[in-house]
Amino acid sequence: MKGKISAERKKEIIEGFYYLSKENGLENTSIAKIGKHLGIPPSLVMHYFPTRDILISNLISYILDQYLKIYEPVIKELETKNHADPKTFVDSLFSREWNLLFDDGVFYSCYALIFRNEVIKKEYRKLHDRLREFLKEILDRDEALKNQDTQLLAEQIFVVVEGAYYYLSMIDNEDTYNKKVENFKEQVYDLLRKKEAQHL
């Protein structure tokens with residue numbers, strides 16, 4: 001019972017940290033402010049997360065959990081058909097739902113810390129590796145990609161996706177944004193078509 005309460009308290013603190021970082025910026029969110037927001041003493045926050053770096057590392061794990069939700073439509077297809085239509089996961093990867101699952105400002109604020117903090121850098125690497133591994137698992141279920149290097153393909157797809165999101169975050173015009181998204185999606189489709197052609 002005690003372990004369950006601790007896990008719930010940790011989750012509450014991380015979610016509070018995320019909410020305040022989204023509202024005020026990561027750099028303006030202190031342990032004292034988290035405690036005030038949650039109505040608990042800062043010492044209790046530090047009991048679970050002794051340093052800000054540990055807190056941020058756990059926030060990055062929270063990011064991963066949120067990002068993995070983007071694969072849910074693909075997972076449902078796998079459960080019913082044993083394979084996923086490439087269009088389903090490409091649409092998922094470029095869906096605006098990512099913006100609803102996690103705030104880009106918090107993501108990039110955490111990301112900026114990798115240049116000064118080795119622990120956070122390792123956490124970010126784990127996050128990106130897991131997203132790629134998950135995509136590889138999906139690609140491995142596609143008969144059209146049998147005997148292909150799905151690890152490399154997953155890497156290539158994420159290079160497009162990550163570059164696209166970095167660039168798209170600077171575009172405010174809706175029509176321009178949508179056209180760019182379609183162009184990036186087509187790049188991923190091209191990668192898939194090339195690999196499928198090699199299978200034939």
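The figures that follow rest on heavy atoms only: side chains count, while hydrogens, waters and symmetry mates do not.
For the pair Lys121/Arg116, no side-chain contact is recorded, criterion being any heavy-atom separation below 4.5 Å from C-beta on. Phe134 has its side chain out of reach of Leu64: every pair of non-hydrogen atoms, C-beta onward, lies at least 4.5 Å apart. At least one side-chain heavy atom of Val161 sits less than 4.5 Å from a side-chain heavy atom of Ile157.
Between Tyr19 and His37, the two ring planes are parallel [angle under 30°; tilted spans 30° to 60°]. Phe107 and Tyr111 have parallel rings, their planes meeting at less than 30° on a 0 to 90° scale where 60° marks the start of perpendicular. Between Phe184 and Phe94, the angle of the ring planes stays under 30°, which puts this pair in the parallel group of the 30/60° scheme.
A salt bridge is absent between Glu72 and Lys69: the closest approach of a Lys/Arg side-chain nitrogen to an acidic carboxylate oxygen does not fall below 4.0 angstrom. Using a cutoff of 4.0 Å between basic side-chain nitrogens and carboxylate oxygens, Glu133 and Arg130 are scored as salt-bridged.
Tyr67 contributes no side-chain N or O that, together with a main-chain N or O of Tyr62, makes up a donor-acceptor pair within less than 3.5 Å. In this structure a side-chain-to-backbone donor-acceptor pair under 3.5 Å is missing from Asp142 to Ile138. Remark: side-chain polar atoms of Thr29 are paired, donor with acceptor, to backbone N or O of Gly25 under 3.5 angstrom. A donor-acceptor pair under 3.5 Å links the side-chain atoms of Lys33 to the main chain of Asn28, judged by distance alone. Judged by distance alone, with hydrogens and angles left aside, the side-chain atoms of Ser95 form no donor-acceptor pair with the main-chain N or O of Asp91 at under 3.5 Å. A distance-only check finds a donor-acceptor pair linking the side chain of Gln66 to the backbone of Leu101 [under 3.5 Å].
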Stepwise side-chain contact (heavy atoms from CB on, under 4.5 Å) check, Asn117 with Ile56: CA-CA 11 Å; Asn117 188 305; Ile56 291 172; over 6 Å; no
Go through the steps for Glu186 and Glu182 under the test side-chain contact (heavy atoms from CB on, under 4.5 Å), then give the verdict. CA-CA 6 Å; Glu186 193 57 35; Glu182 290 307 311; over 6 Å; no
Under the salt bridge (Lys or Arg N to Asp or Glu O under 4.0 Å) rule, what do Glu12 and Arg9 come out as? Steps first, then yes or no, please. CA-CA 5 Å; Glu12 179 188 18; Arg9 178 63 82 183; 2.8 Å; yes
Worked verdict on Phe49 versus Lys10 for side-chain contact (heavy atoms from CB on, under 4.5 Å): CA-CA 8 Å; Phe49 304 101; Lys10 284 181 178 179; 3.9 Å; yes
Please determine whether side-chain contact (heavy atoms from CB on, under 4.5 Å) holds for the pair Ile40 and Ile13, giving the CA-CA distance in whole Å, both sets of side-chain angles, and the decisive distance to 0.1 Å. CA-CA 10 Å; Ile40 59 176; Ile13 291 169; 4.2 Å; yes
Could you give me the CA-CA distance, side-chain angles and deciding distance for Asp129 and Arg132, then say whether salt bridge (Lys or Arg N to Asp or Glu O under 4.0 Å) is met? CA-CA 5 Å; Asp129 286 349; Arg132 284 158 171 73; 5.5 Å; no
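Shown here for Cys110 and Ile120, the closest heavy-atom pair between the two residues is O-CG2, 4.0 Å. In this structure, Ser57 and Val119 approach most closely via the heavy-atom pair OG-CG1, 3.7 Å. Listed here is the closest heavy atom pair of Ala154 and Leu139: N-CD1, 3.9 Å. Counting all heavy atoms, side chain and backbone alike, Gly105 lies closest to Ser109 at O-OG, 2.8 Å. Of all non-hydrogen atoms in Ala32 and Pro42, the two that sit nearest each other are CA-CG, 4.0 Å. In terms of heavy atoms, Asp104 sits closest to Ser169 at OD2-CB, 4.5 Å.
The line from CG of Asp103 to CG of Leu26 is 10.5 Å long, rounded to the nearest 0.5 Å. Annotation: the span from Lys194 atom NZ to Leu153 atom CG amounts to 11.5 Å, rounded to 0.5 Å. If you take CD on Glu155 and CZ on Phe158, they are separated by 9.5 Å, rounding to the nearest 0.5 Å. Residue Glu118 holds its CD atom at 12.0 Å from CG of Asp53, rounded to the nearest 0.5 Å. Atoms CD1 and NZ, from Ile171 and Lys180 in turn, are 5.5 Å apart once rounded to the nearest 0.5 Å. The CD atom of Gln156 lies 8.0 Å from the CG atom of Asp149; values are rounded to the nearest 0.5 Å.
Under a cut-off of 6.0 angstrom, the local environment of NZ in Lys185 is crowded, with over 12 non-hydrogen atoms contributed by other residues, nucleotides or ligands. Atom CD of Gln151 has 12 or fewer neighbouring heavy atoms from other residues, nucleotides or ligands inside a 6.0 Å radius. Atom OH of Tyr167 has 12 or fewer heavy atoms from other residues, nucleotides or ligands within 6.0 Å. Enclosure of atom CZ in Arg125 is not indicated, since only 12 or fewer non-hydrogen atoms of other residues, nucleotides or ligands lie within 6.0 angstrom. Counting heavy-atom neighbours within 6.0 Å of Tyr108 OH, excluding the residue itself, gives a total above 12.
In the hydrophobic clustering of ILVMFWY residues, with side-chain heavy atoms under 4.5 Å counting as a link, Leu127 and Ile54 come out together. Residues Tyr166 and Val159 do not share a hydrophobic cluster, defined by chaining ILVMFWY side chains whose heavy atoms lie under 4.5 Å apart.
Counted by atom type alone, Asp140 and Thr150 present one or more donor-acceptor pairs between their side chains at under 3.5 Å.
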